[in-house]
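Please read the structure below before turning to the comments.
The chain is numbered in sequence order, starting from 1. All figures in this text were calculated on a predicted structure; none of them were measured in a lab.
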Amino acid sequence: MPPKAPRNFLGLVLVTPALAVVVLLFLIPLCEAVLGAFRTDTGFGLENVSKTYALYSRDIAFTFLIIALSALLIALISVLFSGYLTLGTNARAVALLRWLYRWPLFVPFIVVGQILRTFLAKNGLMNNLIVSTGVVLPMDTIGFLDWRGVVIAFVWKQVPFVTLLLAGAMASLDRGTIEAARNLGASRIRILLEIVLPQVASTLMVALTLSVVTMMSVLSVPLMLNPHSPTMITVNMAFRINAYGDYGVANALGLVSFAMTGLVAWIYLRATLKENMR
């Protein structure tokens, strides 16, 4: 049996490349960004943070509300889709939904922004279809190139991802409890909410956490669909760098973004720890 020290050394050698990548591409840039949020011309202070609050407090609140609303709608729609894929009795409808819902997974966010900008504009495809039915006049149409367009884009793009994870988790459950509930007369919605969903809650939390992080990092969608104020943090960060070269305020905005995603991660980790302690 080989000595313990060489085995430990060999394991350290094997993980060194991965650790180097994490340190060089994640930890060092993260630390530099955090320090940059407090670095000023005269040293370290809270000037960038106070400037960020004075200029972009509305945008920070706007970002939080957009992400929260989008995550709520993503969770609701994904649960319904996954539930039908698992409990649906119409084989053709299930097969059609299983084929259709995945397509947005392969569409980049910038293409999503362009598609919905064309579709949701005041003179876009959606309003043109409504006008062609005679329901409303062209002058009475309403565009959705505002916060509603951003929410629609996020939901349209992230629902397939969450549904894919959630439907896979539901498909792996023991069908015995589901069939027993059906035999006792439980409706599909009751089976979904009281039997299936509690067993896949951790998967839903993981999917929503990843979705929140993804939505917080998107620049193209709010830039294309919500060009006026208030807007999202990513647009403000790009503006501060491109227009003013102000990396201090941009780093402070990044710190706020990191705090929001960190809050979501903390909620997920706390729920996971409670579940593991049971």
Side-chain angles (χ1 to χ4, degrees), residues 63-88 93-113 115-116 119-120 144 147-175 178 188-222 225 232-234 257-258 260-276:
T63 300
F64 179 83
L65 293 175
I66 289 294
I67 297 300
L69 178 59
S70 299
L72 179 62
L73 293 176
I74 290 168
L76 177 62
I77 298 172
S78 299
V79 167
L80 293 177
F81 279 6
S82 303
Y84 191 79
L85 290 173
T86 305
L87 304 174
V94 171
L96 181 62
L97 180 60
R98 195 184 303 277
W99 182 75
L100 284 177
Y101 86 89
R102 302 180 186 182
W103 282 103
L105 283 171
F106 306 99
V107 182
F109 267 108
I110 191 169
V111 179
V112 172
I115 290 172
L116 292 183
F119 184 76
L120 299 175
F144 287 83
W147 65 271
R148 294 169 294 185
V150 177
V151 171
I152 291 171
F154 284 157
V155 172
W156 186 78
K157 185 68 173 71
Q158 290 303 119
V159 160
F161 171 73
V162 178
T163 301
L164 185 66
L165 296 181
L166 206 56
M170 289 182 180
S172 65
L173 297 177
D174 181 14
R175 302 287 300 187
I178 298 175
R188 279 185 292 181
I189 190 66
R190 187 173 182 182
I191 295 173
L192 174 63
L193 296 179
E194 297 184 10
I195 297 177
V196 175
L197 189 57
Q199 298 184 70
V200 297
S202 60
T203 302
L204 179 60
M205 285 291 295
V206 171
L208 289 179
T209 301
L210 296 175
S211 295
V212 167
V213 174
T214 299
M215 292 185 291
M216 286 293 299
S217 64
V218 175
L219 171 63
S220 55
V221 167
L225 299 181
M232 295 190 66
I233 292 177
T234 49
S257 177
F258 180 72
M260 289 184 183
T261 55
L263 175 63
V264 175
W266 175 77
I267 294 173
Y268 161 69
L269 291 174
R270 185 178 179 184
T272 303
L273 288 174
K274 283 185 177 181
E275 183 178 348
N276 292 335

Kindly give the heavy-atom pair with the smallest separation between [X] and [Y], and that separation in Å.
{"X": "Leu97", "Y": "Tyr84", "value": "CD2-CD2, 4.1 Å"}
{"X": "Lys157", "Y": "Leu105", "value": "NZ-O, 3.7 Å"}
{"X": "Phe154", "Y": "Ile74", "value": "O-CD1, 3.9 Å"}
{"X": "Arg98", "Y": "Leu85", "value": "NH2-O, 3.6 Å"}
{"X": "Val151", "Y": "Leu73", "value": "CG1-CD1, 3.8 Å"}
{"X": "Gly113", "Y": "Leu225", "value": "O-CD2, 3.6 Å"}

[atom2] on [Y] to [atom1] on [X], rounded to 0.5 Å:
{"X": "Leu80", "Y": "Leu192", "atom1": "CG", "atom2": "CG", "value": "7.0 Å"}
{"X": "Ile189", "Y": "Glu194", "atom1": "CD1", "atom2": "CD", "value": "10.0 Å"}
{"X": "Ile178", "Y": "Met170", "atom1": "CD1", "atom2": "CE", "value": "9.0 Å"}
{"X": "Leu116", "Y": "Ile152", "atom1": "CG", "atom2": "CD1", "value": "7.0 Å"}
{"X": "Leu204", "Y": "Leu165", "atom1": "CG", "atom2": "CG", "value": "9.5 Å"}
{"X": "Thr234", "Y": "Met216", "atom1": "OG1", "atom2": "CE", "value": "8.0 Å"}

Would one find more than 12 heavy atoms of other residues, nucleotides or ligands at under 6.0 Å from atom [atom1] of [X]?
{"X": "Trp156", "atom1": "CH2", "answer": "yes"}
{"X": "Phe109", "atom1": "CZ", "answer": "yes"}
{"X": "Arg270", "atom1": "CZ", "answer": "no"}
{"X": "Phe258", "atom1": "CZ", "answer": "no"}
{"X": "Leu269", "atom1": "CG", "answer": "yes"}

For [Y], does its backbone N or O pair with a side-chain atom of [X] as donor and acceptor, under 3.5 Å?
{"X": "Ser78", "Y": "Ala75", "result": "no"}
{"X": "Thr63", "Y": "Ile233", "result": "yes"}
{"X": "Thr203", "Y": "Leu166", "result": "no"}

Are side-chain heavy atoms of [X] and [Y] found at a separation under 4.5 Å?
{"X": "Met232", "Y": "Val221", "result": "no"}
{"X": "Arg188", "Y": "Thr86", "result": "no"}
{"X": "Tyr101", "Y": "Val159", "result": "no"}
{"X": "Ser70", "Y": "Gln158", "result": "no"}
{"X": "Ile67", "Y": "Met260", "result": "no"}
{"X": "Thr214", "Y": "Phe161", "result": "no"}
{"X": "Gln199", "Y": "Asp174", "result": "no"}
{"X": "Leu173", "Y": "Val196", "result": "yes"}

Check your understanding: Stepwise, does the side chain to side chain contact (heavy atoms under 4.5 Å, CB included) test hold for Trp147 with Leu65?
Key -> CA-CA 10 Å; Trp147 65 271; Leu65 293 175; over 6 Å; no
Review point. Leu210 pairs by side-chain contact (heavy atoms from CB on, under 4.5 Å) with which of Val206, Leu208, Val213?
Key: Val206
